[in-house]
S.K.: 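To start, I am sharing the structure in question, which I have written as structure tokens.
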Number of protein chains: 2
Amino acid sequence: MNIPVNPGDRYDVYCAACPTRMVLDRIADKWAMLILGRLARQPVRFNQLRREIDGVSQKVLSQTLKRLERDGLIARAVFATVPVTVEYSITPLGETLNDAVAALRTWAETHIETVLEAQRRYDKA
Amino acid sequence: MNIPVNPGDRYDVYCAACPTRMVLDRIADKWAMLILGRLARQPVRFNQLRREIDGVSQKVLSQTLKRLERDGLIARAVFATVPVTVEYSITPLGETLNDAVAALRTWAETHIETVLEAQRRYDKA
DNA sequence: CCGTATCCTGTCAGATACTG
DNA sequence: CAGTATCTGACAGGATACGG
């Protein structure tokens, strides 16, 4: 897909720098898309998010938020209240990604039954 | 997203049975989409695939193919030659998934520069 | 309230060797 | 050619405790 070498040569098909690969690695994350989807609805604070995304640990939530922020997909706003208030929100860029993922959601909902059926058939044999 | 409980209760937002989650887990795999994309072009044999998907180990390729076959996304055909010939091909179902992922590829190619730029800015601070 | 630091554990990919 | 079997190390993720 990326970086063709010479005719007949192999392609370095798994290229960490490949855009598609990078994005896939991102959304592949167990929690990232859930968080992004939640923030797409409205901004929310850390512990609120922690409660709503059930099952995520504090550490992993923190890590994931940091990564998403680094990628410019979400924004972090700090308010100097006592105690401090931190609010996370989705960015315009994050929204475009969220839209793109919608195609997958649609696929999933449309075809999941077919997949499950295929699994049952496979497991019989 | 799934399984609302009582008003005011938390939602079990990470639900392993959630269709979107299942599909995400599938394509999240490091190699699955590369393999599916390759098979979308034309059927191919095991070792041929192994050579083309550079960097994948025999074991992991085997595992991934098995999983994709189980999900009904690819098909495995055995020919009783000597030595035996095995050909993998994409199924119609697999093609629809491949199409859905195209939306992500497009997003990636369109926005990767913005993401990289955001990362550089973040890393400065 | 919003995290970081530390430890611990299970999972999984890679390497290697072997089989029909 | 097309895999399986086994071992190993790296690493992600959870639990817990603590700090700004």
Side-chain angles (χ1 to χ4, degrees), chain A residues 10 12-16 21-22 24-35 38-39 42-71 74-89 122 125, chain B residues 10 12-16 21-22 24-35 38-39 42-70 74-89 122-123 125:
Chain A
R10 300 187 249 161
D12 186 10
V13 70
Y14 177 77
C15 171
R21 165 62 28 203
M22 296 186 70
L24 227 45
D25 283 345
R26 202 69 36 171
I27 69 160
D29 183 87
K30 193 173 174 182
W31 305 105
M33 288 318 298
L34 292 172
I35 295 171
R38 175 59 189 85
L39 296 185
Q42 59 175 297
V44 86
R45 289 163 46 184
F46 186 86
N47 276 333
Q48 177 69 17
L49 202 52
R50 180 155 146 62
R51 278 187 296 271
E52 293 194 24
I53 309 289
D54 200 19
V56 71
S57 72
Q58 205 170 24
K59 181 181 121 186
V60 172
L61 178 57
S62 180
Q63 285 173 348
T64 307
L65 287 170
K66 221 180 283 182
R67 204 149 17 100
L68 290 172
E69 189 197 355
R70 187 173 110 97
D71 291 344
I74 69 174
R76 180 174 181 274
V78 183
F79 302 98
T81 53
V82 180
V84 66
T85 300
V86 179
E87 189 176 79
Y88 291 93
S89 59
Y122 183 94
Chain B
R10 300 186 249 161
D12 187 10
V13 69
Y14 178 76
C15 171
R21 166 64 25 205
M22 296 187 72
L24 227 45
D25 282 346
R26 201 70 36 172
I27 69 159
D29 183 88
K30 194 173 174 184
W31 305 106
M33 288 317 298
L34 292 173
I35 294 171
R38 175 60 189 83
L39 295 186
Q42 60 176 298
V44 85
R45 289 164 44 186
F46 186 86
N47 277 332
Q48 175 69 19
L49 203 50
R50 181 156 145 62
R51 278 187 296 271
E52 293 194 24
I53 309 288
D54 201 18
V56 71
S57 73
Q58 205 170 23
K59 182 181 115 184
V60 172
L61 178 56
S62 180
Q63 284 174 349
T64 307
L65 286 170
K66 222 180 280 183
R67 205 150 14 102
L68 290 172
E69 189 197 356
R70 187 173 110 97
I74 69 175
R76 180 175 181 273
V78 183
F79 301 98
T81 52
V82 180
V84 67
T85 300
V86 179
E87 191 176 79
Y88 291 93
S89 59
Y122 184 95
D123 291 342

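In this text, all values refer to a predicted model and were calculated from it rather than measured experimentally. Throughout, protein chains are lettered first and strands after them, A, B, ... in sequence-line order, and every chain is numbered starting at 1.
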S.K.: When the distance from CZ of R50(A) to C1' of dT16(D) is rounded to whole Å, what number comes out?
M.R.: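 Distance check: R50(A) CZ to dT16(D) C1' gives 12 Å.
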S.K.: With sequence neighbours left out, write down each residue that passes salt bridge (Lys or Arg N to Asp or Glu O under 4.0 Å) with R67(A), or none if nothing qualifies.
M.R.: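 For R67(A) the salt bridge (Lys or Arg N to Asp or Glu O under 4.0 Å) partners, ignoring immediate neighbours, are D29(A).
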S.K.: Can you check the L61(B) CG to dA15(C) P distance for me, whole Å?
M.R.: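 So the CG-P distance, L61(B) to dA15(C), works out to 14 Å.
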S.K.: Return the CD to CG distance between E52(A) and L34(A), rounded to the nearest 0.5 Å.
M.R.: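 So the gap between those two atoms works out to 11.5 Å.
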S.K.: Using atom CD of Q63(B) as one end and atom C1' of dA2(D) as the other, report the distance to the nearest whole Å.
M.R.: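 Going from Q63(B) (CD) to dA2(D) (C1'), I get 15 Å.
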S.K.: Does anything in residues 79-87 of chain B reach DNA chain C, meaning a heavy atom under 4.0 Å, and if so which residues?
M.R.: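 Nucleic-acid contacts, sorted: none.
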S.K.: Mark up nucleotides 7-12 of chain D, 5' to 3', with B wherever a protein heavy atom is under 4.0 angstrom from a base atom, S wherever such an atom reaches only the sugar-phosphate, and - elsewhere.
M.R.: ------
S.K.: Among all residues two or more places apart in sequence or in another chain, which pass the salt bridge (Lys or Arg N to Asp or Glu O under 4.0 Å) test with R76(B)?
M.R.: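 For R76(B) there are no salt bridge (Lys or Arg N to Asp or Glu O under 4.0 Å) partners, ignoring immediate neighbours.
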S.K.: Does dG3(C) have OP1 or OP2 under 4.0 Å away from a side-chain N or O of R76(A)?
M.R.: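 For R76(A), the contact criterion (side-chain N or O under 4.0 Å from OP1 or OP2 of dG3(C)) is met.
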S.K.: Nearest-Å distance, CG (D29(B)) to P (dC12(C))?
M.R.: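 Atom-to-atom, D29(B) to dC12(C), this comes out as 11 Å.
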S.K.: For DNA chain D, write out the stems as range with range, using runs of 3 or more consecutive Watson-Crick or G-U pairs with both distances under 3.5 Å.
M.R.: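 If one scans DNA chain D for consecutive Watson-Crick or G-U pairs, the stems found are C:3-20 with D:1-18.
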S.K.: Which heavy atom of Y88(B) sits nearest a heavy atom of L39(B), and at what distance?
M.R.: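 Shortest heavy-atom contact: O-CD2, 3.6 Å.
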S.K.: Tell me which nucleotide among dG13(D), dA13(C), dG3(D) gets nearest to the side chain of V60(B).
M.R.: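 Closest nucleotide to the V60(B) side chain: dA13(C).
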S.K.: So, is Y88(B) near the phosphate of dG3(D), with a side-chain N or O under 4.0 Å from OP1 or OP2?
M.R.: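 Checking Y88(B) against dG3(D): at least one side-chain N or O falls below 4.0 Å of OP1 or OP2.
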S.K.: Return the set of residues passing salt bridge (Lys or Arg N to Asp or Glu O under 4.0 Å) with R70(A) (not counting sequence neighbours), or none when no residue passes.
M.R.: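 If we apply the salt bridge (Lys or Arg N to Asp or Glu O under 4.0 Å) test to R70(A), skipping adjacent residues, the hits are D123(B).
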S.K.: Below the 4.0 Å mark, does dA2(D) have OP1 or OP2 next to a side-chain nitrogen or oxygen of S62(B)?
M.R.: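 No, outside the criterion.
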S.K.: Ignoring hydrogens and angles, write down the donor-acceptor pairs under 3.5 Å from the side chains of residues 57-65 of chain B, residues two or more places apart or on other chains.
M.R.:
{"unit_1": "S57(B)", "atom_1": "OG", "unit_2": "V60(B)", "atom_2": "N", "d": "3.2"}
{"unit_1": "T64(B)", "atom_1": "OG1", "unit_2": "V60(B)", "atom_2": "O", "d": "2.7"}

S.K.: Can you tell me the distance, in whole Å, between the NZ atom of K66(B) and the P atom of dA2(D)?
M.R.: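 It is 15 Å, rounded to the nearest whole Å.
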S.K.: Under a 4.0 Å heavy-atom cut-off, which of residues 42-49 of chain B touch DNA chain D?
M.R.: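 Listed by number, they are R45(B), F46(B), N47(B).
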S.K.: Nearest 0.5 angstrom please: W31(A) CH2 to L68(A) CG, how far?
M.R.: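 One finds 13.5 Å between CH2 of W31(A) and CG of L68(A).
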S.K.: With a cut-off of less than 4.0 Å, is there a side-chain N or O of Q58(B) near OP1 or OP2 of dT4(D)?
M.R.: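 For dT4(D), neither OP1 nor OP2 has a side-chain N or O of Q58(B) closer than 4.0 Å.
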S.K.: Testing the basics here: between R38(A) and I53(A), what is the closest heavy-atom pair and its distance to 0.1 Å?
M.R.: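 The pair with the smallest heavy-atom distance is CB-CD1, 4.3 Å.
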S.K.: Find the distance between CZ (R45(A)) and OG (S89(A)) and round it off to the nearest 0.5 Å.
M.R.: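 Atom-to-atom, R45(A):CZ and S89(A):OG are 14.0 Å apart.
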S.K.: L65(A) has an atom CG; how far is it from atom P of dG13(D), in whole Å?
M.R.: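 To the nearest whole Å, that distance equals 14 Å.
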S.K.: For dC12(C), does either OP1 or OP2 sit under 4.0 Å from a side-chain N or O belonging to R67(B)?
M.R.: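 Checking dC12(C) against R67(B), no side-chain N or O comes under 4.0 Å of OP1 or OP2.
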